[in-house]
Structure formats: structure tokens, C-alpha cells
Amino acid sequence: MARDRFTPEFDPDCGDVPLTTARQDIVIGRWQGLRELLRATGPDWLARGHRVRTLAQACAGSSTVESWLAAEPHNGDALVLRAATETARAFNLAITAGRGMPIDQRRIDAAVMACLQASEAFVDDPTPWISLISVARLYPAGVRRQELGRWWDELHARDPYSVEGHLQVLHYYSSRWHGSNGLMYDFARDAAGVAPPGSALPVLVQYARVEEYRAAVDAADGNRRASVGLGQHWKHDGAVSDVRRTWQRWIVGRSDHTVHPGELRDLNYLAHAACLAGVADVAVPLLRMLDRRGTRTPWSYTGEAEQQFTKWRKEFRVRT
């Protein structure tokens with residue numbers, strides 16, 4: 001009997017079934033499902049952050065979150081989701097305008113104010129501070145160092161090992177935004193160095209590797225010789241060592257072997273790096289952990305996501 005053809009799954013909800021149900025409510029303009037989901041999530045910051053970010057993307061093109069706020073103007077969950085939604089809308093405008101093209105600063109200011117209002121309404125929640133650091137990238141000159149530092153301190157006090165929070169700072173410090181490769185890698189390595197065993201923070205180095213690659217591709221801009229030189233980006237000794245170090249600190253150090261929806265993208269980043277580095281003894285167990293559960297990034301940065309995900313499983317002869 002022929003073996004079933006492997007087909008990866010790129011579920012935007014990362015297998016979070018209650019999130020999928022709530023997101024479907026947005027299509028019909030029903031906000032009660034969002035309220036129930038976020039209330040049930042409580043202070044599980046990993047799950048809450050994942051759910052708020054995903055819901056915000058879905059709410060960005062609708063008025064569902066505004067309908068919720070009209071009904072419950074002081075609901076902390078609604079204000080947190082509105083802040084993330086305004087952030088998503090600002091980024092959507094920036095994408096539509098095109099890289100390097102400014103957008104109306106009033107839209108950025110409105111997102112910032114929504115984040116600050118949410119942080120006051122739900123004092124313990126790190127999520128508004130993550131949204132705030134994220135939207136800060138859209139100011140053409142960034143924000144003052146003291147201001148960014150204050151926002152970071154607020155986030156860190158609430159969730160010191162937040163991968164998403166660290167990731168937004170990493171993006172801010174990248175050469176594609178308001179920093180440099182050196183500043184970005186320094187931040188990633190410093191965070192990885194103080195992370196406890198089992199923390200996912202060491203994977204920030206793999207996120208930095210992808211950011212560096214994207215900046216290099218942008219800089220090459222059709223220059224074939226420069227593009228060919230990118231081939232070693234994933235395979236040099238430093239990149240290989242980083243993959244092994246993240247594997248050891250994060251995956252080997254884990255006590256919980258469940259793959260939670262909020263960390264699925266992080267695992268895909270490490271698996272992608274291990275595959276392109278040719279580190280089979282790390283790539284194979286990671287691909288087994290993932291099974292069919294892919295996230296389009298980072299695979300889409302080095303080719304078509306489904307083809308890439310399938311190709312590497314075949315390359316390393318991974319069996320489900």
C-alpha cells in the first residue's frame with residue numbers, strides 16, 4: 001500500500017482550536033466569542049500574546065473590536081485587543097505604502113495612545129507593552145532611547161522571558177529599522193545568555209540570523225554575485241554553533257515537551273536554521289516535534305514555504 005504523501009499544515013492559529021472558533025466570530029461581527037476566549041485565557045502570557053496578536057490581525061479589517069468597546073468601554077481585554085488591532089492596522093498601512101515610505105504619523109500616535117490606555121486598564125498584562133514597542137518601529141526616526149528603555153522596563157517587569165517582547169526589540173534594533181546587525185546580535189546574545197534552562201530566548205539568535213539575511217537580500221537587490229555569496233549565511237561555523245547552542249539551552253533544557261501554539265513559530269525558526277546549517281542531529285528531532293505543523297515564516301524567506309518544509313523532511317529522511 002502506498003504511503004500517504006506528506007502535506008504540511010500552515011494553520012494561522014497554530015492548532016489553537018478555541019482561537020480558531022473565536023476568529024470565525026469576527027467574520028460575522030460577533031465580539032462575544034473574543035470576550036469569552038480572552039477571559040478564559042487569563043494570565044497565561046504565552047497563550048494570551050499569541051491569541052491577541054492573531055485576533056488583532058483578523059480584527060484589523062473589521063469593526064468588531066470597536067463594537068465590543070462600544071458595548072463594554074472599560075473592559076481591559078477589549079482595550080488590549082484594540083491596542084494590538086491599531087498596531088496591526090498601522091503596519092498594514094506601512095506595507096501598503098511600501099518600504100521606506102512614511103505613513104500618517106497620526107495613525108502611529110493613535111496606536112501608541114491605544115497601547116498606553118490598554119496598559120492602564122490591564123496593569124499586569126505585558127501585551128500592550130509588546131504592541132507599543134512594535135509600533136515604535138514605524139516612526140521614521142524611531143523613539144528616544146530613554147522612552148524605549150522605559151517601555152522595555154515595563155514589559156520586562158511583567159514577563160521577563162517573553163520571546164515576543166524580546167523579538168520586537170530585536171526588530172527595532174535591526175539594520176532594516178533603527179539599528180545595525182551588531183546591535184541586533186548583541187541584544188539577542190545577551191538575552192540568550194541570561195535565560196534559564198528551557199527558556200526559548202536563545203532562539204532570538206536564529207531570528208537575528210533571518211533578519212540579517214533579509215537585509216542582505218534587500219541590499220543585493222538583483223546583484224547575482226552578492227546573492228550567491230549569501231549561500232554561506234546559514235552554514236558558517238558561527239551559525240552552526242548558534243544552532244547547537246540554542247538546541248542545548250532551550251530544547252534539551254525543557255521539562256515540558258508539549259509544543260504550545262504560542263511557541264510553534266519559534267520551533268520553526270530553529271528547525272529552519274538547523275536544516276539550512278546541515279545539522280542533521282538537531283534538525284531531525286525538531287522536524288519530528290513539528291510533524292506537519294509549519295509556520296510560513298521563516299520557510300518562505302528561502303523559497304516557497306510548503307516546498308521548503310517538505311524538502312528538508314525528505315532530505316533528512318524524517319518519518320512521522
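Numbering starts at 1 and runs along the sequence shown. The structure displayed is predicted, hence computed values, not measured ones. All values below come from the heavy atoms of this structure, side chains included, with hydrogens, waters and symmetry mates left out.
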Distance-only side-chain donor-acceptor flag, Ser119 / Glu154, under 3.5 Å:
no
For the pair Glu306 and Arg313, evaluate salt bridge (charged side-chain N to carboxylate O under 4.0 Å, His left out) and give the outcome as yes or no after the intermediate values.
CA-CA 11 Å; Glu306 182 172 336; Arg313 286 183 61 93; over 6 Å; no
Sub-4.5 Å side-chain heavy-atom contact between Trp250 and Ser199:
no
Spacing of Thr85 atom OG1 and Leu55 atom CG [to the nearest 0.5 Å]:
8.0 Å
Atom CZ of Arg288 and atom CG of Leu290: how far apart are they, to the nearest 0.5 Å?
12.5 Å
Side chains of Arg107 and Leu138 in contact at under 4.5 Å (non-hydrogen atoms)
no
More than 12 heavy atoms of other residues, nucleotides or ligands under 6.0 Å from CG of Asp237: yes or no?
no
Which pairs with one or both residues in residues 116-125 pass salt bridge (charged side-chain N to carboxylate O under 4.0 Å, His left out), sequence neighbours excluded?
Arg48-Asp125
Can Glu263 and Arg254 be counted as an ion pair, charged N to O under 4.0 angstrom?
yes
Report the residue from Asn268, Thr7, Thr295 that forms a side-chain contact (heavy atoms from CB on, under 4.5 Å) with Phe309.
Asn268
Measure from the side-chain N and O atoms of Ser134 to the backbone N and O of Ile130, and report whether any donor-acceptor pair falls under 3.5 Å.
no
Are Val210 and Phe187 joined in one hydrophobic group, where the rule is that I, L, V, M, F, W and Y side chains link up if heavy atoms are under 4.5 Å apart?
yes
Going by heavy atoms in the side chains, are Trp151 and Gln168 under 4.5 Å from each other?
no
Should the pair Arg39-Glu36 be classified as a salt bridge under the 4.0 Å nitrogen-to-oxygen rule?
no
Just so I know, are the side chains of Arg23 and Pro12 near enough to count as touching, which here means a heavy-atom distance under 4.5 Å?
yes
Between the side chain of His233 and the main-chain N/O of Arg209, is any donor-acceptor distance below 3.5 Å?
yes
Going by heavy atoms in the side chains, are His260 and Asp16 under 4.5 Å from each other?
no
Heavy-atom pair with the smallest gap, counting every atom of Ser62 and Arg89:
O-NH2, 2.8 Å
All heavy atoms of Ser162 vs all of Leu201, minimum pair found to be O-CD2, 4.0 Å
Have Tyr139 and Asp109 got a donor and an acceptor in their side chains that come within less than 3.5 Å?
yes
Quick check: is Leu46 connected to Leu264 through a chain of hydrophobic side chains (ILVMFWY, heavy atoms under 4.5 Å apart)?
no
For residues Pro196 and Tyr161, report the shortest heavy-atom separation together with the two atoms involved.
CD-CE2, 3.4 Å
SB check Arg51 Asp13 (cutoff 4.0 Å)
no
Taking the side chain as every heavy atom from C-beta outward, state whether Pro8 and Trp299 have any pair of such atoms under 4.5 Å apart.
no
Tyr207 and Asp266 side chains, donor-acceptor separation under 3.5 Å
yes
Taking the side chain as C-beta and beyond, is there a heavy-atom pair between Thr297 and Tyr269 under 4.5 Å?
yes
Once rounded to the nearest 0.5 Å, what's the spacing between atom OG1 of Thr302 and atom NZ of Lys311?
7.5 Å
Restricting to non-hydrogen atoms, name the atom on Trp31 and the atom on Ala71 that form the minimum distance, rounded to 0.1 Å.
CZ2-CB, 3.4 Å
Do you know the tightest heavy-atom contact between Phe316 and Gly278?
CZ-CA, 4.4 Å
Can we call the ring centroids of Trp152 and His166 under 6.0 Å apart?
yes
Any donor-acceptor N/O pair, Ser180 side chain to Leu183 backbone, under 3.5 Å:
yes
Run the side-chain contact (heavy atoms from CB on, under 4.5 Å) check on Leu69 and Leu81 step by step: do they pass?
CA-CA 10 Å; Leu69 275 170; Leu81 180 57; over 6 Å; no
Check: Pro261 main-chain N/O paired with Arg293 side-chain donor or acceptor under 3.5 Å
no
Which of these passes ring pair (Phe, Tyr, Trp, His ring centres under 6.0 Å) with His272: Tyr301, Tyr213, Trp312, Trp234?
Trp234
My understanding is that only residues two or more places apart in sequence, or in another chain, count here; which of them pass side-chain contact (heavy atoms from CB on, under 4.5 Å) with Tyr172?
Ala136, Arg137, Val143, Leu148, His178
Would you call Glu164 and Arg265 a salt bridge, using N to O less than 4.0 angstrom?
yes
What's the spacing between Leu34 CG and Cys59 SG if we round to 0.5 Å?
5.5 Å
Looking only at heavy atoms, which two atoms of Leu79 and Pro73 are closest? And how far apart?
CD1-O, 4.0 Å
Which residues pass the ring pair (Phe, Tyr, Trp, His ring centres under 6.0 Å) test with His236, not counting sequence neighbours?
none
Kindly indicate whether the side chain of Trp68, heavy atoms from C-beta on, has any atom under 4.5 Å from the side chain of Glu72.
yes
Check this for me: does any side-chain nitrogen of one of Arg150 and Asp153 sit under 4.0 Å from a carboxylate oxygen of the other?
no
Is a side-chain donor-acceptor pair under 3.5 Å present for Gln117 with Arg82?
yes
Rounded to the nearest 0.5 Å, what's the gap from CD on Glu211 to CG on Leu167? Could you check?
8.0 Å
If hydrophobic clusters are built by linking Ile, Leu, Val, Met, Phe, Trp and Tyr wherever their side-chain heavy atoms come under 4.5 Å apart, do Val65 and Leu19 end up in the same one?
yes
Is a donor on one side and an acceptor on the other found under 3.5 Å between the side chain of Arg53 and the backbone of Gly49?
yes
Return the OG to CZ distance between Ser67 and Arg30, rounded to the nearest 0.5 Å.
12.5 Å
Is Val203 linked to Val252 within one hydrophobic cluster, defined over Ile, Leu, Val, Met, Phe, Trp and Tyr using a side-chain heavy-atom separation of less than 4.5 Å?
yes
